Amino acid sequence: MSDVRITPKTNGPLIVEGTVRIETPDGRVLTPPPRKDGKPSEVVVLCRCGGSATKPFCDGTHKRNGFQDGSVTTG
């Protein structure tokens, strides 16, 4: 099993590093958007603000809609 790290960015998306598979509720596999240089993404960036036009992936909308996350809790 590979290591996966999920890091919430302050007032931003979830950064997912490692090999992951993202599926819709009906079982369809989603491909993360490619990097700006066209290569396959090595990091998946997931929306937390709910405003992304490319859900579940982040498109930067959190910057425009003023998304503020709550305090991070551990437990």
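Model, not experiment: these values are computed from the prediction. All values below were derived from every heavy atom in this structure, side-chain atoms included, with hydrogens, water molecules and symmetry-related copies excluded.
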- [ ] Provide the closest heavy-atom pair for Arg48 versus Lys9 in the form atom of the first, atom of the second, distance.
- [x] NH2-O, 2.8 Å

Task: For Asn65 against Gly51, the heavy-atom pair lying closest together - done: ND2-CA, 4.3 Å

Task: Cluster overlap Leu46 with Val20, hydrophobic side-chain contacts below 4.5 Å - done: yes

Task: Asp69 side chain reached by Pro8 side chain, heavy atoms, under 4.5 Å - done: no

Open item on the list: Using side-chain heavy atoms (C-beta onward) and a distance below 4.5 Å, is Arg21 in contact with Val29?
Closed with: yes

Task: Nearest heavy-atom neighbours spanning Val44 and Pro32 - done: CG2-CG, 3.7 Å

Task: Separation between CD1 of Ile6 and CD of Glu17, rounded to the nearest 0.5 Å - done: 10.0 Å

Task: Gly12 versus His62, closest heavy-atom pair with distance - done: CA-CD2, 3.6 Å

Open item on the list: Run the side-chain contact (heavy atoms from CB on, under 4.5 Å) test against Thr54 and tell me which residues pass, sequence neighbours left out.
Closed with: Ser52, Phe57, Asp59

Task: Arg64 atom CZ, neighbour heavy-atom count above 12 within 6.0 Å - done: yes

TODO: Decide whether Val4 and Val43 are clustered together by the hydrophobic rule: side chain heavy atoms of Ile, Leu, Val, Met, Phe, Trp, Tyr closer than 4.5 Å, transitively.
DONE: no

Task: Val16 vs Ile22 side-chain heavy atoms within contact, under 4.5 Å - done: no

TODO: Calculate, to the nearest 0.5 Å, the distance between atoms SG and NZ belonging to Cys49 and Lys63 respectively.
DONE: 11.5 Å

